[in-house]
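One structure is given below, encoded as structure tokens.
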Amino acid sequence: MTVKAFNSDAPLDERRVIVRRSGDQVEMVELPWGLKPGETGARPCTVVHGEGRTFPNHRCLVPATEFRHRSNGKDYSFRLANGDWFYFAGIWRPATRDWPEAYAIITIESNGDIAPYHDRQMAVLRRNERMGWLDAMRPEADILCPLPAGSSRVSRFHHARDQSMLAF
């Protein structure tokens with residue numbers, strides 16, 4: 001599986017691989033980010049607050065190596081301090097007549113590493129927690145919680161600059 005950085009400013013039509021249950025099987029499918037909004041003309045729902053909510057079905061995992069976020073005009077990269085890749089806890093919804101099958105990411109209160117940049121964060125699950133979320137084996141309040149401070153490595157992210165091709 002190819003795992004890549006997740007940019008919180010990604011366009012809504014960006015498709016990503018998610019992991020979900022399909023009957024007794026686990027499958028990977030590529031879906032767009034953003035659930036159907038509640039009001040006509042409103043922006044699609046890309047994140048869902050996790051506190052005080054239950055998600056009994058349509059759970060998914062969004063694999064990532066890092067996530068990027070803009071704060072105070074600067075771009076930052078957040079990775080696990082141990083360098084491992086991880087998952088975001090998410091939900092997906094089936095297609096309707098007027099909206100494609102899509103997913104959103106669960107957000108929670110930020111941990112000590114992310115709080116200086118934003119008051120909320122996407123719910124990060126380590127790889128050993130993936131089935132606990134996917135199979136609803138643990139209550140939401142037990143799994144949708146911030147990682148301990150020091151779990152993330154934060155750095156400034158600099159966009160790669162295009163280099164002109166040299167003519168010979």
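- In the model, Ser110 has no side-chain atom that pairs as donor or acceptor with a side-chain atom of Arg120 under 3.5 Å.
- Side-chain contact between Arg93 and His58 is present, with heavy atoms from C-beta onward closer than 4.5 Å.
- What you find for Ile106 and Leu144 is that their closest heavy atoms are CG2-CD1, 3.8 Å.
- In this structure, Met137 is not a member of the same hydrophobic cluster as Val19, with clusters built from ILVMFWY side-chain heavy atoms closer than 4.5 Å.
- Separation of atoms CG (Asn111) and SG (Cys145) is listed at 10.5 Å; rounding is to 0.5 Å.
- Under the side-chain hydrogen bond (donor to acceptor under 3.5 Å, both in side chains) criterion, the residue pairs touching residues 132-149 are Arg21-Asp135, Arg59-Glu140, with sequence neighbours excluded.
- A distance of 13.0 Å separates OG of Ser22 from CE of Met28, quoted to the nearest 0.5 Å.
- With rounding to the nearest 0.5 Å, the separation of CG in Leu147 from CZ in Phe86 is 9.0 Å.
- With a 4.5 Å cut-off on side-chain heavy atoms, Ser71 and Tyr76 count as touching.
- Annotation: the span from Ser77 atom OG to Arg68 atom CZ amounts to 6.0 Å, rounded to 0.5 Å.
- Residues Pro37 and Pro44 come closest through the heavy atom pair CD-CA, 4.0 Å.
- No side-chain heavy atom of Arg156 sits under 4.5 Å from any side-chain heavy atom of Asp75.
- Between Glu27 and Arg20 there is a salt bridge, with a side-chain nitrogen of the basic residue lying less than 4.0 Å from a carboxylate oxygen of the acidic one.
- Ring geometry, Phe78 versus His69: the interplanar angle falls from 30° to 60°, so the pair is classed tilted.
- For the atom pair CD1 of Ile105 and OH of Tyr103, the computed distance is 5.0 Å after rounding to the nearest 0.5 Å.
- For Arg127 and Glu129, the salt-bridge test fails: no basic side-chain N is under 4.0 Å from an acidic carboxylate O.
- His49 places no side-chain N or O within donor-acceptor distance of the main-chain N or O of Glu51, the cut-off being under 3.5 Å.
- Annotation for Ala89 and Leu125: closest pair CB-CD1, 3.8 Å, computed over non-hydrogen atoms.
- Here the CD1-SG distance, from Ile91 to Cys45, works out to 7.0 Å after rounding to the nearest 0.5 Å.
- Between the side chain of Thr96 and the backbone N or O of Trp99, at least one donor-acceptor pair lies under 3.5 Å.
- Two residues are said to be in side-chain contact when any heavy atoms from C-beta on lie closer than 4.5 Å; Asn128 and Arg130 fail this criterion.
- Under the 3.5 Å distance criterion, the side-chain polar atoms of Trp92 are left unmatched by any main-chain donor or acceptor of Cys60.
- Heavy atoms only, all atoms of each residue included: Ser151 and Pro148 are closest at OG-O, 2.6 Å.
- Side-chain atoms of Asp113 never come within 3.5 Å of backbone atoms of Ala149 as a donor-acceptor pair (strictly under, hydrogens ignored).
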inquiry  = Walk me through whether Asn82 and Arg126 qualify under side-chain contact (heavy atoms from CB on, under 4.5 Å).
reply    = CA-CA 11 Å; Asn82 66 6; Arg126 296 178 191 268; 4.0 Å; yes
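- Of all the heavy atoms in Trp33 and Thr46, the pair that sits closest is NE1-O, 2.9 Å.
- The two atoms that bring Ile18 and Pro63 nearest to each other are CA-CD, 4.4 Å, heavy atoms only.
- Counting only heavy atoms from C-beta outward, the side chains of Met122 and Val62 never approach each other to under 4.5 Å.
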